[in-house]
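The next block holds one structure in the form of structure tokens; read it before the comments.
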Amino acid sequence: MTSQSVALDCIPCGSQATVVSLRHGAEITRRLLELGVTRGTHLTVLGKAPLGDPMFVRIRGCQIAMRIAEAGQISVVKDGVWTLAAVPAGHTVRVTEVLPDTGITSRLLELGVTKGSSIRILGAAPLGDPMTISVRGCQFAIRRHEAENILVELAA
């Protein structure tokens with residue numbers, strides 16, 4: 001299982017994944033938003049046409065076809081790995097990776113958000129941002145766009 005986000009067109013057939021982001025300005029973005037596909041949406045890659053284009057994906061019970069070029073505009077992580085922003089309050093997760101070069105990476109590491117550390121999601125502000133987390137016995141708030149750079153898996 002990979003812990004980094006990849007383009008949807010790189011996910012093998014039969015795999016399940018979770019949407020991390022949609023590239024702004026991509027043709028497919030409006031269509032996917034109309035289908036309710038946003039960050040955190042789960043999908044299954046069903047297959048590809050005999051010549052490789054289009055590919056077929058099941059999203060929210062709907063089977064859709066999309067061009068490989070469009071699928072390349074969708075960043076996903078294989079299921080089992082989530083961004084911290086997608087985890088609901090009350091869950092405890094384990095960090096699998098803090099994405100580099102995000103501007104806040106060094107601060108997160110200073111606060112104890114390192115690979116293997118345990119994070120408990122305590123709650124969020126009324127509009128959902130920021131969220132409150134507990135790491136190594138300390139509580140602090142983190143913005144959702146910052147939490148998107150922390151890849152986690154559910155703790156056993």
Side-chain angles (χ1 to χ4, degrees), residues 1-26 28-29 32-33 35-46 48 55-61 64 66 68-125 127-156:
M1 169 177 14
T2 181
S3 62
Q4 285 204 48
S5 63
V6 296
L8 176 58
D9 61 330
C10 297
I11 300 290
C13 297
S15 297
Q16 295 183 351
T18 302
V19 175
V20 175
S21 66
L22 305 173
R23 184 167 299 159
H24 295 291
I28 189 81
T29 302
L32 291 172
L33 291 173
L35 291 170
V37 178
T38 58
R39 184 180 311 114
T41 300
H42 299 284
L43 56 84
T44 304
V45 177
L46 300 174
K48 295 181 180 177
M55 68 184 299
F56 306 96
V57 181
R58 179 179 296 121
I59 300 174
R60 297 189 188 251
I64 63 170
M66 68 175 67
I68 295 297
E70 293 173 332
Q73 305 299 307
I74 303 168
S75 294
V76 298
V77 291
K78 283 190 176 181
D79 273 1
V81 177
W82 300 64
T83 66
L84 183 61
V87 180
H91 286 82
T92 300
V93 294
R94 186 176 7 274
V95 176
T96 60
E97 184 175 353
V98 178
L99 298 178
D101 303 323
T102 60
I104 192 169
T105 304
S106 61
R107 183 67 179 138
L108 290 171
L109 295 173
E110 290 169 359
L111 292 169
V113 180
T114 59
K115 185 175 183 174
S117 64
S118 181
I119 298 176
R120 178 144 180 91
I121 293 74
L122 302 174
L127 296 177
D129 195 16
M131 59 192 295
T132 307
I133 62 175
S134 175
V135 179
R136 301 179 191 265
C138 298
Q139 295 179 10
F140 58 92
I142 183 171
R143 296 256 177 230
R144 290 219 179 254
H145 74 273
E146 297 164 347
E148 291 171 9
N149 297 309
I150 303 169
L151 302 180
V152 298
E153 61 188 3
L154 293 176

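For the single chain, residues carry numbers from 1 onward in sequence order.
In this structure, Arg58 has no side-chain hydrogen bond (donor to acceptor under 3.5 Å, both in side chains) partners at least two apart in sequence or on a different chain. Take Ala124 and apply the side chain to side chain contact (heavy atoms under 4.5 Å, CB included) test, not counting sequence neighbours, and it matches Met131, Arg144. In this structure, the side chain to side chain contact (heavy atoms under 4.5 Å, CB included) partners of Arg143, at least two apart in sequence or on a different chain, are Asp129, Pro130, His145, Glu146. Looking at residues two or more places apart in sequence or on another chain, you find no side-chain hydrogen bond (donor to acceptor under 3.5 Å, both in side chains) involving Gln139. Under the rule for a side chain to side chain contact (heavy atoms under 4.5 Å, CB included), the partners of Leu111 that lie at least two apart in sequence or sit in another chain are Arg107, Phe140. Here Ser117 pairs with nothing under the side-chain hydrogen bond (donor to acceptor under 3.5 Å, both in side chains) rule; sequence neighbours left out. Residues passing the side chain to side chain contact (heavy atoms under 4.5 Å, CB included) test with Leu109 are Thr105, Thr114, sequence neighbours excluded.
Taking NZ of Lys115 as the start and CG of Leu151 as the end, the distance is 10.5 Å to the nearest 0.5 Å. Annotation: the span from Ile59 atom CD1 to Thr41 atom OG1 amounts to 7.5 Å, rounded to 0.5 Å. Note that CD1 of Ile11 is 11.0 Å distant from CD1 of Ile74, once rounded to the nearest 0.5 Å.
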Apply side chain to side chain contact (heavy atoms under 4.5 Å, CB included) to Val152 and Ile150, showing your working.
CA-CA 6 Å; Val152 298; Ile150 303 169; 3.9 Å; yes
Verdict with supporting geometry, Leu84 and Val95, side chain to side chain contact (heavy atoms under 4.5 Å, CB included)
CA-CA 9 Å; Leu84 183 61; Val95 176; over 6 Å; no
Determine, step by step, whether Met55 and Met66 satisfy the side chain to side chain contact (heavy atoms under 4.5 Å, CB included) criterion, reporting the C-alpha distance in whole Å, the side-chain angles of both residues, the deciding distance to 0.1 Å, and the verdict.
CA-CA 6 Å; Met55 68 184 299; Met66 68 175 67; 4.0 Å; yes
In sequence, state the C-alpha distance, the side-chain angles, and the governing distance for Leu8 and Leu43, and then conclude on side chain to side chain contact (heavy atoms under 4.5 Å, CB included).
CA-CA 10 Å; Leu8 176 58; Leu43 56 84; 3.6 Å; yes
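What you find for Lys48 and Asp9 is that their closest heavy atoms are NZ-O, 3.5 Å. Scanning all heavy atoms of the two residues, the minimum distance from Cys13 to Leu46 falls at CB-O, 4.4 Å.
Proximity of Ile142 to Leu108: side-chain heavy atoms (C-beta onward) are separated by under 4.5 Å at one or more points.
Under a 3.5 Å cut-off, the side chain of Arg94 and the backbone N or O of Ile119 do not form any donor-acceptor pair.
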